[in-house]
Amino acid sequence: MHIARRRGWEIPESRVTPEAAMLNRRGLMAGVGALSIAGALPARAEPNPKFVPGRGLTEEKYATSYNNYYEFNDSKNVVDQAQALKQRPWTIALGGLIKTPRTIDIDDLLKQVQSEERIYRHRCVETWAMTVPWMGFSLAQLLKIAEPLGSAKYVVFETVQDKVAMPGLGSPFYTWPYVEGLAIDEAANDLAFMVTGLYGKPVPPQNGGPLRIALPWKYGFKSAKSIVKITFAEKRPVTFWEGLQSREYGFWANVNPDVPHPRWSQAHERLLGSNESVPTQIYNGYAEFVAGLHEGRKSEKLFM
Ligand SMILES: Nc1nc2c(c(=O)[nH]1)N[C@H]1C(S)=C(S)[C@@H](COP(=O)(O)O)O[C@H]1N2
Ligand SMILES: [Mo]
């Protein structure tokens, strides 16, 4: 069972089951044999030690039940509705300024990348925060696969629009699809992470399964969920929240405790689960990785 769980985010369920069954047949899952298997194949890979969480993990039940996913609804309680979003088959269209625009199946993509676990802090612009063990692969690997042209300056992510599963798409207040983006040098930064799992399981639909992004130094709205399209552009895209309210939500959206949102302070954050309030850090504590990115962008509104 541990083996099936460990590999669930990497390979389709259909390929997990026979392997687990085979191990069972050999009797290796019981008694002394179980110990040696556990030793050879730990239930969870060691998280990448480069990314130090600095605080306790958020309990899984909170991270997977308190969600912002406006395509379903705007209540944070989307779990039940989100189960209607099918996670396979799933394809991602790669387009725009790249060598060969094409559509790639998620399972083919996963065979071409190196996956790992990373524990990241997540800071929502609304001031709640969580600490989550994500499974996935660096966006830099996907850039290599996509082969952007020299003229590509921005990467643009689009979320799936399933009108049957997602009642929020019918709301007249929003301009769908959910679009997010990064400058290409940000996208190449080691911190930018494509997520396929969390807490040792496939990432559930409410958290943006089967493929989302995690950008821990930016406010959470930059981390687009359930991605079906990645395009490369010369021009900066207008992103979802920026298009709705540019005075409050910008393109760069780097975390900064000293730059308040127009309607509230960003100095502190509330930890999901415990409700403890802790000081917010510049770049959400990831300055050592990303502060240098914006040397040439001082005239931009980098922090909202
Ligand atoms: N497609 C899509 N992506 C989205 C959102 C959304 O509403 N739709 N909400 C964003 C916001 S505001 C946050 S804080 C995170 C929340 O991720 P979580 O539910 O996994 O905590 O997803 C981001 N990605
Ligand atoms: Mo958010």
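Each residue takes its place number in the sequence, starting with 1. Values reported hereafter were calculated over all heavy atoms of this structure, with side chains retained and with hydrogens, waters and symmetry mates removed. Whatever order the structure lists them in is the order used to number ligands and atoms, beginning at 1.
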Mark yes when over 12 heavy atoms from residues, nucleotides or ligands other than Lys76 sit less than 6.0 Å from its NZ; otherwise mark no. yes
Describe, in one word, how the ring planes of Tyr154 and Trp252 are oriented to each other, choosing from parallel (under 30°), tilted (30 to 60°) and perpendicular (over 60°). tilted
Tell me whether Asn207 has any N or O atom under 3.5 angstrom from an N or O of ligand 1. yes
Is there a nitrogen or oxygen of Trp134 sitting under 3.5 Å from a nitrogen or oxygen of ligand 1? no
Basic-acidic side-chain contact under 4.0 Å: Arg236, Glu300: yes
Side chain or backbone, does His122 bring an N or O within less than 3.5 Å of an N or O on ligand 1? no
Under 4.0 Å from a heavy atom of Thr159: which atoms of ligand 1 are those, numbered in the order shown and with their elements? 1 (N)
Starting from atom 18 (P) of ligand 1, which protein heavy atom do you reach first, and at what distance in Å? Lys225 NZ, 3.5 Å
Could you identify the single nearest non-hydrogen protein atom to atom 9 (N) of ligand 1 and state the distance to 0.1 Å? Asn68 O, 3.2 Å
Answer yes when Glu71 and Lys225 have at least one side-chain N-carboxylate O distance shorter than 4.0 Å, and no when they do not. no
Test the Lys301-Phe251 pair against the cation-pi criterion, namely NZ or CZ under 6.0 angstrom from the six-membered ring centroid and within 45° of the ring axis. no
At under 4.0 Å between heavy atoms, what of Asn67 touches ligand 1? The answer is both
Is Met130 near ligand 1, meaning one of its heavy atoms is under 4.0 Å from it? yes
Atom 24 (N) of ligand 1 has as its nearest protein heavy atom Ser223 O, 2.8 Å
At a 4.0 Å cut-off, with the gap strictly under it, does some heavy atom of Arg212 reach an atom of ligand 1? yes
Ligand 1 atoms in contact with Cys124 (distance to a heavy atom under 4.0 Å): 14 (S)
Between Gln266 and Arg123, a side-chain donor and acceptor under 3.5 Å: yes
So that I can tick it off, tell me whether Asp107 and Arg88 are bridged by a salt bridge, with the cut-off set at under 4.0 angstrom between side-chain N and carboxylate O. yes
Between Tyr178, Trp241, Trp176, which one has a non-hydrogen atom sitting closest to atom 4 (C) of ligand 1? Tyr178
Show the atoms of ligand 1 that are less than 4.0 angstrom away from any heavy atom in Phe221. 10 (C), 11 (C), 12 (S)
Starting from atom 8 (N) of ligand 1, locate the nearest protein heavy atom and write down its residue, its atom name and how far away it is, to 0.1 Å. Glu71 OE1, 2.8 Å
Just to be sure I read this right, does ligand 1 sit under 4.0 Å from the backbone of Trp128, its side chain, both, or neither, counting only heavy atoms? side chain
To check your reading of the model: name the closest protein heavy atom to atom 7 (O) of ligand 1, its residue, and the distance in Å. Tyr70 N, 2.8 Å
Angle class for the Phe240/Trp176 ring planes (parallel below 30°, perpendicular above 60°, tilted otherwise)? parallel
With a 6.0 Å cut-off on the ring centroids, do Phe303 and Tyr283 count as close? yes
Give me the ring orientation class for His261 and Tyr249: parallel if the planes are under 30° apart, tilted from 30 to 60°, perpendicular past 60°. tilted
